[in-house]
Each structure stands twice: as C-alpha cells, then as structure tokens.
There are 2 protein chains.
Amino acid sequence: MLNSGLTPAKSLSIEVAERICAERGARFTPLRRTALEVLLEFNGPVSAYDFLPALAQRLGRRLAPPTAYRALGFLLEQGFICRIETRNAFTLATHLEDRNAGVFFLCDHCGATVEVDADGITELLAGRAAALGFEVGRRIVELQGICADCRYTTAAVEGQSQVVRGRRA
Amino acid sequence: MLNSGLTPAKSLSIEVAERICAERGARFTPLRRTALEVLLEFNGPVSAYDFLPALAQRLGRRLAPPTAYRALGFLLEQGFICRIETRNAFTLATHLEDRNAGVFFLCDHCGATVEVDADGITELLAGRAAALGFEVGRRIVELQGICADCRYTTAAVEGQSQVVRGRRA
DNA sequence: TTTATTATGTGATAACATAACAAAATCCTA
DNA sequence: TAGGATTTTGTTATGTTATCACATAATAAA
C-alpha cells in the first residue's frame, strides 16, 4: 500500500510543534494543539469533515466547520500539515524545513499517499519561474496513478477496485 | 498580466477537436461541441458554475450542474481542457499532444494563469515514480505566486490587492 | 426492427468552504 | 493590574463545488 500504513513525519510531534511556535511567537492554543494531535493520530490524509468530528470528540464538545478550518489553517500556516489539492484533504507534513517542497504520489486504486522530497524539481521549477519573472510562493506537485503494491498485488482484479480514501481520477 | 489576455491554445479549435474525436471514435455531440465553443470564448479559466449559465444561454435552455460537469468531463478526457486544481477551474489545454505535461503559473494577485511546457520536469518526476514503482497517470503541477506584471507594476500598492479570478493562497 | 449502449435531463442532496458577527481569551501598556 | 486592543473561538447561516439516482432520449449494434 505504498507506505500509507507507516508512521509519517517522524520529525513532527506536539513537542516539536510547541517549540517551533514558541520560537515564532505563534500561539499554540489548546484547540490547535488538539487539532495537531488528531492529525498525528490519523496517520494519513483526512478531509476537513472527517477531521471535524474527530476533533470535536477529543475536545468533548460540538464544533462547527469554521473552527475546524481555522485550526487546519493555522497548522498549514506553520507548515505542520499539507493540503492535498486533488483530494481536498489534509495530511502531516514530512518536511518541516522546506515548505511546499514535497511531491505527492497518490494511488487512484487504494488511496495511498506518499510525500517524497522534490530535490531537483524545485530547482527546475525555480528556473522556469525566473524565466517568466514569476515569484513562486506555494508549489503543488501531485502525481496520480497506481502504486507499486496495487500494480503487483491487484493486477488481476481490474474492474472491482475500490478507493478507500480520496476520489478517483 | 502575464499573458492571460492573449488567445490561448492556438492549436485547438472546433475543427481540430472534431477531427480528433472522429479518429478516436469519441462522440462529439452538439452539447459537447457547444461546451468547447463556450470554453474557447472564455479565454481563461472558468469555474463549472460560471460555465454552466454560459453554456445554457448558448444552447437556449436551462441546464443542471450534472450536464455541465459531464460536458467538462468529456473535454477533460479528450485532453481538450485542463482542470486547475487550486482554483476549481477549467481552462483550454495548450498542449494537445502530451496530456498533463503542463505546469501552471497562477498569480495570487491578478489571477492570471499561464501554462508552460514541463520539459525536464516530466522526466524528473518519471524518475521518482520509477524508483517507487509508481505508474503515473495524471500529473498536477501548479505554482502559486506573483506574476511579473504584478511585481513590477503594483509593488507599491500592497494591502489593497484584489484577485480577479481564483482565490488567494 | 429489436436490443444494447451511450448520452442527456432532472431533482435532490452530498461534500467542501467561508461570511459575518458575537463572545471569550490573551496581550499590551500605562 | 485595570483597561483597551488584538487575537482566538463560538455560532448561525450561507455560499460554492460536485455527485447520486433514476428517467428519458439518442445512437449504435445485432
């Protein structure tokens, strides 16, 4: 399943996030902390509307969508999580240092997502941008397709495939 | 405004689309043809819900969302248009030959969108994919930032910026 | 023709996201 | 530390994007 069952972001934890926020003067409030805890537990991409009840349950109170989106917005701003555009989902960042530097491989078959470092790609894109006089902020690179596991283990079951997370291409 | 006012996709026209569909055995129905005409006229990215009334007007009848989405889906399948993920918008493809090979530069300030060829990037990503055993289908590369025009002509008006099309990062 | 397949119409609803304003918590500074 | 400013969170409502499910119509295949 292309690594989606492994623990992502070994580098990110509540403690690390707390320290980073302190350094930046960002307020790591109970809500935001709990939001990050929930995402750490999800161990994979989660939609805002799956995240919402999980966060609410952990806090022991009802929450409305804006609260969830604000918490996600904060975590995005801090670079603790990434948004997967083609799935409207959020997942832990695996690279706290160089934000938006990741490339996402997204399996259309099993829903697995893997973020890898984009060495080389970043530079290439920077070159294109420079040629256009374009100042790059956020980079989105998402590759949809079939992961190794699905290619080798389910080649015979074409047609009855199901996606666990996310939508098909 | 980074080219967004120029005519995109010189290579794509109703006639070309018709020929391609004929070659492929795809049915270029009146609805689909009209949908492409509407997109050719838009001359830039358009949301499904802006496209819907434009298509309805041109056909002289009321349409419901699924009809618009189906037409867009067909044009996407044929590679005549691209979806800009970070804007939930659709725009003419500028590369009929190598689908999904484009890189989009999206200005957060004026909304301009430019698609450029992704030579080199495609190969680099293919290399990463091969290393993972991942079979790539669709590639999404979108770079958000500030276009040359906005950098040079509106550097002094920070804070009162407005986006014409699309949302801010 | 008849039958199958593909495309479109239609109403409802699902899924994703934000506006607008009120209340509470925190920060700042005198 | 009291008081005002700022930031965060609560809450209601609504805006935006996308699809389901089933009916009808058009086209293709036999």
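This structure is a prediction, so every number in the text was calculated from the model and none was measured. In what follows, every chain begins at residue 1, and chains take the letters A, B, ... in the order their sequences are listed.
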Chemist: Counting only N and O atoms by type, is there a donor-acceptor contact under 3.5 Å from the side chain of Arg99(A) to the main-chain atoms of Glu77(A)?
Modeler: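 Confirmed, Arg99(A) side chain pairs with Glu77(A) backbone.
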
Chemist: Round to a whole Å and report the spacing from CZ of Phe51(A) to P of dC16(C).
Modeler: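 Atom CZ in Phe51(A) sits about 14 Å away from atom P in dC16(C).
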
Chemist: What do the steps show when you test Thr86(A) against Glu85(B) for side chain to side chain donor-acceptor pair (under 3.5 Å), and what is the final call?
Modeler: CA-CA 6 Å; Thr86(A) 54; Glu85(B) 294 292 339; 5.7 Å; no

Chemist: Consider the side chain of Pro66(B), meaning its heavy atoms from C-beta on, and name the nucleotide among dC16(C), dT17(D), dC20(D) that approaches it most closely.
Modeler: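 Among the listed nucleotides, the one closest to the side chain of Pro66(B) is dC20(D).
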
Chemist: Can you give one letter per nucleotide of nucleotides 25-30 of chain D, going 5' to 3': B for a protein heavy atom under 4.0 Å from the base, S for sugar-phosphate only, - for none?
Modeler: --S---

Chemist: Which nucleotide sits closest to the side chain of Phe90(A): dA18(D), dA17(C), dT12(D)?
Modeler: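 So the side chain of Phe90(A) is nearest to dA17(C).
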
Chemist: Are the side chains of Phe104(B) and Ile140(A) in contact, using a 4.5 Å heavy-atom criterion?
Modeler: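 No, side chains not in contact.
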
Chemist: Tell me: CG of Asn88(A) to P of dT17(D), nearest whole Å?
Modeler: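 Those two atoms, CG and P, are 12 Å apart.
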
Chemist: Indicate yes or no: at least one non-hydrogen side-chain atom of Ile84(A) is less than 4.5 angstrom from one of Arg87(A).
Modeler: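 Heavy-atom side-chain distance check passes, below 4.5 Å.
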
Chemist: Whole angstroms only, please: what is the CZ-P distance between Arg61(B) and dT24(D)?
Modeler: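 My rounded result for the distance is 17 Å.
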
Chemist: Using a 3.5 Å distance criterion without hydrogens, assess whether the side chain of Arg58(B) forms a donor-acceptor pair with backbone atoms of Glu37(B).
Modeler: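 No.
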
Chemist: Can you figure out which of dG11(C), dA17(C), dG9(C) approaches the side chain of Leu31(B) most closely?
Modeler: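 The closest nucleotide is dG9(C).
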
Chemist: On the ring face of Phe28(B), is Arg33(B) found with NZ or CZ under 6.0 Å from the centre and within 45° of the axis?
Modeler: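 No - Arg33(B) does not lie over the ring of Phe28(B) by the 6.0 Å and 45° rule.
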
Chemist: Does Ile146(B) offer a backbone N or O that forms a donor-acceptor pair with the side chain of Glu135(A) under 3.5 Å?
Modeler: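 No, Glu135(A) side chain to Ile146(B) backbone: no donor-acceptor pair under 3.5 Å.
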
Chemist: Once you round it to whole Å, what is the distance between P of dT11(D) and CG of Leu59(A)?
Modeler: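 Whole-Å distance recorded here is 12 Å.
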
Chemist: Arg32(B) near the nucleic acid: base, sugar-phosphate alone, or nothing, with a heavy-atom cut-off under 4.0 Å?
Modeler: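 Counting heavy atoms under 4.0 Å across all strands, the contact made by Arg32(B) is with sugar-phosphate only.
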
Chemist: Looking at dT16(D) and Tyr49(B): do their rings stack (centroid distance under 5.5 Å, interplanar angle under 30°)?
Modeler: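 Taking the rule of under 5.5 Å and under 30°, the ring of Tyr49(B) does not stack on dT16(D).
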
Chemist: Starting at the 5' end of DNA chain D, which residue's closest nucleotide do you reach first, Ala71(A) or Ala64(A)?
Modeler: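 Looking at the nearest nucleotide for each, Ala71(A) comes out on the 5' side.
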
Chemist: Of the candidate nucleotides dT10(C), dT9(D), dA17(C), which contains the atom at the shortest distance from the side chain of Tyr69(A)?
Modeler: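 Within the option list, the nearest is dA17(C).
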
Chemist: Can you tell me the distance, in whole Å, between the CG atom of Leu72(A) and the C1' atom of dC16(C)?
Modeler: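 My rounded result for the distance is 12 Å.
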
Chemist: So, does Glu123(A) use its side chain to make a donor-acceptor pair with the main chain of Gly120(A) at under 3.5 Å?
Modeler: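 Such a contact is found between Glu123(A) side chain and Gly120(A) backbone.
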
Chemist: Give the nucleotide from the list dT8(C), dG10(D), dG9(C) with an atom nearest to the side chain of Thr29(B).
Modeler: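 It is dT8(C).
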
Chemist: Over how many whole Å does the gap from Arg87(B) atom CZ to dT16(D) atom P extend?
Modeler: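 So the CZ-P distance, Arg87(B) to dT16(D), works out to 17 Å.
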
Chemist: May I ask you to decide whether Glu23(B) forms a salt bridge with Arg19(B), counting only side-chain N to carboxylate O separations under 4.0 Å?
Modeler: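 Between Arg19(B) and Glu23(B) there is a salt bridge, with a charged N closer than 4.0 Å to a carboxylate O.
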
Chemist: Roughly what angle, to 10°, lies between the helix axis at the start of the helix from dT1(C)-dA30(D) to dA30(C)-dT1(D) and the one at its end, five pairs per end?
Modeler: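 The helix from dT1(C)-dA30(D) to dA30(C)-dT1(D) shows an end-to-end axis angle of 40°.
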
Chemist: Map Ala26(A) and Pro65(B) onto DNA chain D by nearest heavy atom, then report which one ends up closer to the 5' terminus.
Modeler: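 Going by which nucleotide is closer to the 5' end, it is Ala26(A).
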
Chemist: Could you state the atom-to-atom distance from CD of Glu77(A) to C1' of dT8(D) in whole Å?
Modeler: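 Atom-to-atom, Glu77(A) to dT8(D), this comes out as 12 Å.
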
